[in-house]
Amino acid sequence: MDLSTRIGAVTLANPVLTASGCGGTGRELAQFTDLARLGAFITCSVMLQPRAGRPTPRLAETPSGVLNAMGLPGPGVDAFLARDLPWLAEQDARVVVSVGGNTLGEFWEVARRLAESPQASAIAAVEVNVACPNAEDRGRMFAASPSAAAEVVRVVRGAIHRDTPVLTKLSPDVTDIATIALACADAGTTGLSLINTMSGLAIDQNTLRPALTGVSGGLSGPALRPVALRCVYQVHAALPEMPIVGGGGVATGRDALEFVVAGACAVSVGTTLLHDPTAPQRITRELEEALAAHGITRLADAVGLAHRATAALPPQIVLGPQEPIKELR
Amino acid sequence: MDLSTRIGAVTLANPVLTASGCGGTGRELAQFTDLARLGAFITCSVMLQPRAGRPTPRLAETPSGVLNAMGLPGPGVDAFLARDLPWLAEQDARVVVSVGGNTLGEFWEVARRLAESPQASAIAAVEVNVACPNAEDRGRMFAASPSAAAEVVRVVRGAIHRDTPVLTKLSPDVTDIATIALACADAGTTGLSLINTMSGLAIDQNTLRPALTGVSGGLSGPALRPVALRCVYQVHAALPEMPIVGGGGVATGRDALEFVVAGACAVSVGTTLLHDPTAPQRITRELEEALAAHGITRLADAVGLAHRATAALPPQIVLGPQEPIKELR
Amino acid sequence: MLTVRQVAAYHAMTLVAPAVAERFRPGQFLAVAVGGEHTSLLARRCFPVYEVKSDYGGTVEFVFEAGDPGAEWLASRRSRDSLDVLGPLGRPFPLPRDPASCLLVGGAHGSSGLFSLADALRRRDCQVHFVLGAPRAHEVFGARSAQRIGESATVVTRDGSLGVTGTIPDVLPRVIEETSADVVYAAGPTALLGSVASVSAALGIPCQVSVGEWLADTAACGIGTCLSCVLPLIGDDGHTRMVRACTEGPVLRGERVRWSDLGTIPLDALGGPRAPQAPLEAAP
Amino acid sequence: MLTVRQVAAYHAMTLVAPAVAERFRPGQFLAVAVGGEHTSLLARRCFPVYEVKSDYGGTVEFVFEAGDPGAEWLASRRSRDSLDVLGPLGRPFPLPRDPASCLLVGGAHGSSGLFSLADALRRRDCQVHFVLGAPRAHEVFGARSAQRIGESATVVTRDGSLGVTGTIPDVLPRVIEETSADVVYAAGPTALLGSVASVSAALGIPCQVSVGEWLADTAACGIGTCLSCVLPLIGDDGHTRMVRACTEGPVLRGERVRWSDLGTIPLDALGGPRAPQAPLEAAP
Ligand SMILES: Cc1cc2nc3c(=O)[nH]c(=O)nc-3n(C[C@H](O)[C@H](O)[C@H](O)COP(=O)(O)OP(=O)(O)OC[C@H]3O[C@@H](n4cnc5c(N)ncnc54)[C@H](O)[C@@H]3O)c2cc1C
Ligand SMILES: Cc1cc2nc3c(=O)[nH]c(=O)nc-3n(C[C@H](O)[C@H](O)[C@H](O)COP(=O)(O)OP(=O)(O)OC[C@H]3O[C@@H](n4cnc5c(N)ncnc54)[C@H](O)[C@@H]3O)c2cc1C
Ligand SMILES: Cc1cc2nc3c(=O)[nH]c(=O)nc-3n(C[C@H](O)[C@H](O)[C@H](O)COP(=O)(O)O)c2cc1C
Ligand SMILES: Cc1cc2nc3c(=O)[nH]c(=O)nc-3n(C[C@H](O)[C@H](O)[C@H](O)COP(=O)(O)O)c2cc1C
Ligand code: FES
Ligand code: FES
């Protein structure tokens, strides 16, 4: 079984990645999952400065999902480069660094420090979290507008070494995700990461107030899966050559296969790690089994299969003349 | 306990409604739930012509939700007026008629026939399903654009008797639902119904093709609840006086209370009816208990409570000076 | 819940459910919620009833196949667990007014829905014959009971591991002739039902089919509200309507189902793209 | 799973889990998945371990309160059900190097986490004294065991239905004095821990607290990846950091926790709005 997958100039040994913000620094997960055997480890979104994030409660449980409003906590790019990236590199993990920012300038500065760091060679790819709020546009997220998202892509693309793939991670909270995807493609993104969380709210039954200090939060987990699959399907239809990392509620190898046939060449596992930190290995094995059960020997052959007419076509509206049915009694 | 609630000129005895398309014609549900004891029964979206809908499979199960792409099946407005509405009226059910259309003209014609029917007096309110695809705009749903949604509201409002409340039912699949809500308010809607389903996709594991003949479908059920609550909270914040029927994954009285405190004056129960057709009575009873447990005796007092500072405030970022903590060792 | 036991390739679950047992008529089904109180699986699973008994005030048994997560959850229940079940639901098998020779045709565990019918027919002094089939021996359900109860019982497996080698449609014309069947009742996989219906129709014999597999694959509510389980059926007026397998069925007149149009909306169906646009009165 | 039984107002669940039992050190906790295979509840629930035993290769017992849907699901498990559990997790109670007089303070079922600590302390020839409290008698956990094991055991209930009338902080200074406590260990509701920490600090006695309730209310993964369970803690360098209750805790030095700032980000915390913007090296 050939599970390898390509994103721009980079080839990953398998398509199962950990989603940004869900694998900690890697140290915590490493007790349960061999990081070297992941397709890649996507880091928490790295911001310019250290950030404590929002006060608790910043995570709430919802049916088949969780809501989070963490506030992008993290040590900042310098500490990340000094402490976390070298450790990940030592584990032989392929590292995708997620970058965040509240202004275009912040995105640029983070990307520049990554590119200029002595650790830069340990970075397999960069993921751009455009779901960050834009401080220069009253906190509206960059991902809500094609032009704002594209600007971020241009800035990061310009700062990062040209061989390093740039993945842009889009938000589903838009009227038409394909338009945003097209704008990011024009701006030079190597691939897309679909999708970030979806805006939601939970109420605390005791206080009858929003459960999260952030009031609204991002919904993730299996609840979100149908929406994520739709986004991947829709964007793959619009941009068939664009590498897509699909994710949102991946919990099993069958889920991963669904993302692949919808158009993803890799998948990310996020919320499932909170529930089952050993999941990546299991998902990789199950994906391999599911592909084999369909007689597929190369992952690449399965990418986008749901868009192609196959032998086993689902029922369609019959448009030809009908076989006449006689009334027998 | 006073559970009554007002939408424009109409008062409902309690706030628990069945969601459009989830209670059949009423006849099926009546075996399990006393329709006369519902806040109101919302009908399937009534279209101008009889429609068979889409071929099966048109419903698929997803984690804590279902996806449907029914294709708005129904007997058409004339048969509805001849057969279904009189039957509902006979059961003493308060009836909210959901109207759909693929063009502005169709919306107008359906609304006109309702208003001019001898049965018009049996209509407590009209709900406008603007999530219908607009045949005159390449199938983009009316609800995706403030102006298109507002046009539908104007057309239906103009055709319906002025004392009959018009509820406009919005889709969450937009970048900013508050903008759409404001446009509908300007167009004269009496209230809003929040939310319709969210676009999603499921893959059939056997064929590796989209599970639904409609390719994508609408996600409903508890999976959607955080998104629905966020929409209600957001729109209530923008339009505090606007009556809102909140729904999306309501399964218990606690869920109903969450919608109420987020800003809804009534709730609709949809997917839960598929799972538990006796749910409305239970939810009404549980809501009553939950209100009582919070010492609330009038439903109206709970509407929007989550927006107001209460005694039991959730933790906030402390902005005042900190009590100095001495290092003791 | 009383017991769940393995029967051949299937599981048989017995529930204490007096209200269901009391009102049950052969051909009806149950709609079962799966996954427990905190389940993420919202569609009810629909299963034809195998048997009702008067023990414990009234018990109901049904037979199912593991495979989907919901069925696997059911298979792992233990005695004293409780289940959320609606039933009995749907249109039962119509019974002949006068004694008649009845041929009961069951594919795979579809046959489980035929034994209560056999009892009812025998109480009306009907002759009951069985044809049971499945790909392999262990997928045949109820061969021994059929042999015990039936005037005759023909078993067919594709690989010959039990009874005749072949498929049910291969042997059907011969068995209809040998048993002088006045009416055919069939239950099981949809493709089989289509064949049985067309063989019966060709021989001019009334045929009632129970679309159990269709219900298993498409039903979500079981009570007629969700419109997920529709199939095209020709009404008394000759017009085709999309009807609900759970409510207008699961038992349908075989020749009225437009078998080759399943999974489509026939163009001439009421509300279809080329159908008369005026509403027709409801007819089954 | 071996058993679940009702103990006073709580449930105690025993699991066969040799790998957990073997590595367990007092103060550590379990992260339990709830709702079964098709669950819609994704956050793990975290419970301090009450007791490990060597029966059946190694068993682990923990005590919990029903209330949220996940805990209620746990309470309804039956023997032979299996559970998905991670553990032992988190920082254990540090033990005194030399024999000392130890005061163990438990609120509500928080005391369940103290009995394995008591055993370990007694093996090191420490004196063990208990103070247990709760609003009402049936909410006190382990009073009898404490009386059996401890050199002394003071029980406090708000309504006086068991032991002294009052709250733990009321009696604490007196008990610390009477027992000549060298160190205080506390577990239970967060508000209680804050009081115990400040009384101990005022008397200059080291105090280790296990933030069980905080973990129950905020933890989702239990292993340190989700950052949901953070609280402000003063590090060795005097700077405040948001640390994870599940990983840097659940046992923390009482005087290091910024009790009055729980549920906030103190302005001067690392990464807070008014904190030094340069990254500091990690210190607990
Ligand atoms: C709304 C809804 C949503 C669902 N969603 C899912 C889902 O997301 N994932 C999932 O895995 N399953 C789902 N199921 C169940 C699903 O439709 C199938 O029933 C299930 O997957 C079993 O698949 P299968 O291939 O094993 O069986 P099927 O394809 O149903 O049948 C396998 C064989 O068994 C025989 N058979 C089946 N039923 C009968 C019968 N009643 N009588 C006689 N023979 C029969 C036939 O010979 C058939 O060839 C859903 C069901 C419903 C109603
Ligand atoms: C991520 C996450 C999401 C959750 N989501 C939900 C949800 O959606 N709905 C829901 O109902 N619950 C949820 N829970 C559980 C929830 O946080 C509470 O634990 C639960 O609701 C119990 O509430 P309670 O009021 O009964 O107990 P609490 O408020 O936790 O405590 C009640 C009393 O019990 C005592 N007590 C509690 N814990 C301890 C302890 N460890 N030691 C000693 N005394 C203690 C205290 O005296 C306290 O006053 C979630 C938990 C997590 C981790
Ligand atoms: C606790 C938590 C923290 C997250 N942090 C980040 C983040 O820092 N950057 C980011 O791009 N996405 C973040 N996400 C989103 C995930 O990477 C992922 O896109 C989303 O959760 C959907 O996938 P899932 O359902 O597999 O979790 C976070 C999600 C969770 C649950
Ligand atoms: C099977 C099904 C059919 C539906 N049909 C309609 C419809 O005809 N018109 C409409 O406005 N909404 C329709 N809806 C959407 C529901 O009314 C409701 O807005 C949505 O499902 C979210 O609520 P719920 O989670 O309680 O189901 C339908 C939903 C389902 C599941
Ligand atoms: S299963 Fe819902 S209508 Fe038949
Ligand atoms: S519970 Fe997830 S980090 Fe502590």
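Quick note on labels: first sequence line is chain A, next is B, and so on, each numbered from 1. No experiment lies behind these values; they were computed from the predicted model shown.
Side-chain contact check for B:L208 versus A:I296: some heavy-atom pair is nearer than 4.5 Å. No side-chain heavy atom of A:R225 sits under 4.5 Å from any side-chain heavy atom of B:T62. Counting heavy atoms from C-beta outward, A:S216 and B:Y233 have side chains that stay 4.5 Å or more apart.
Of the atoms belonging to B:L257, it is side-chain heavy atoms, and not backbone ones, that fall under 4.5 Å from chain A. Of the atoms belonging to B:H307, it is backbone heavy atoms, and not side-chain ones, that fall under 4.5 Å from chain A. Neither the backbone nor the side chain of A:I180 comes within contact range of chain B, judged by heavy atoms closer than 4.5 Å. Looking at B:S199, the atoms closer than 4.5 Å to chain A (heavy atoms on both sides) sit in the backbone and in the side chain alike. With a 4.5 angstrom heavy-atom cutoff, B:V261 touches chain A only via side-chain atoms.
Under the side chain to side chain contact (heavy atoms under 4.5 Å, CB included) test applied with A:R230, the options B:L219, B:V215, B:L201 reduce to a single match, B:L201.
Judged by distance alone, the side chain of A:R209 and the main-chain N or O of B:R308 form a donor-acceptor pair under 3.5 Å.
Atom-to-atom distance recorded for B:T207:OG1 and A:L305:CG is 9.5 Å, nearest 0.5 angstrom.
Looking only at heavy-atom pairs under 4.5 Å with chain B, the residue among A:A306, A:A144, A:A223, A:A290 that has the most is A:A306.
B:N68 is linked by a side-chain hydrogen bond (donor to acceptor under 3.5 Å, both in side chains) to nothing, counting only residues two or more places apart in sequence or in another chain. With sequence neighbours left out, the side-chain hydrogen bond (donor to acceptor under 3.5 Å, both in side chains) criterion links A:R298 to A:D301.
Heavy atoms only, all atoms of each residue included: A:A202 and B:L229 are closest at CA-CD1, 4.5 Å. Contact record, B:N206 with A:H294: O-CE1, 3.3 Å, taken as the closest heavy-atom pair. B:E258 and A:Q205 get closest at one heavy-atom pair: OE2-NE2, 3.0 Å.
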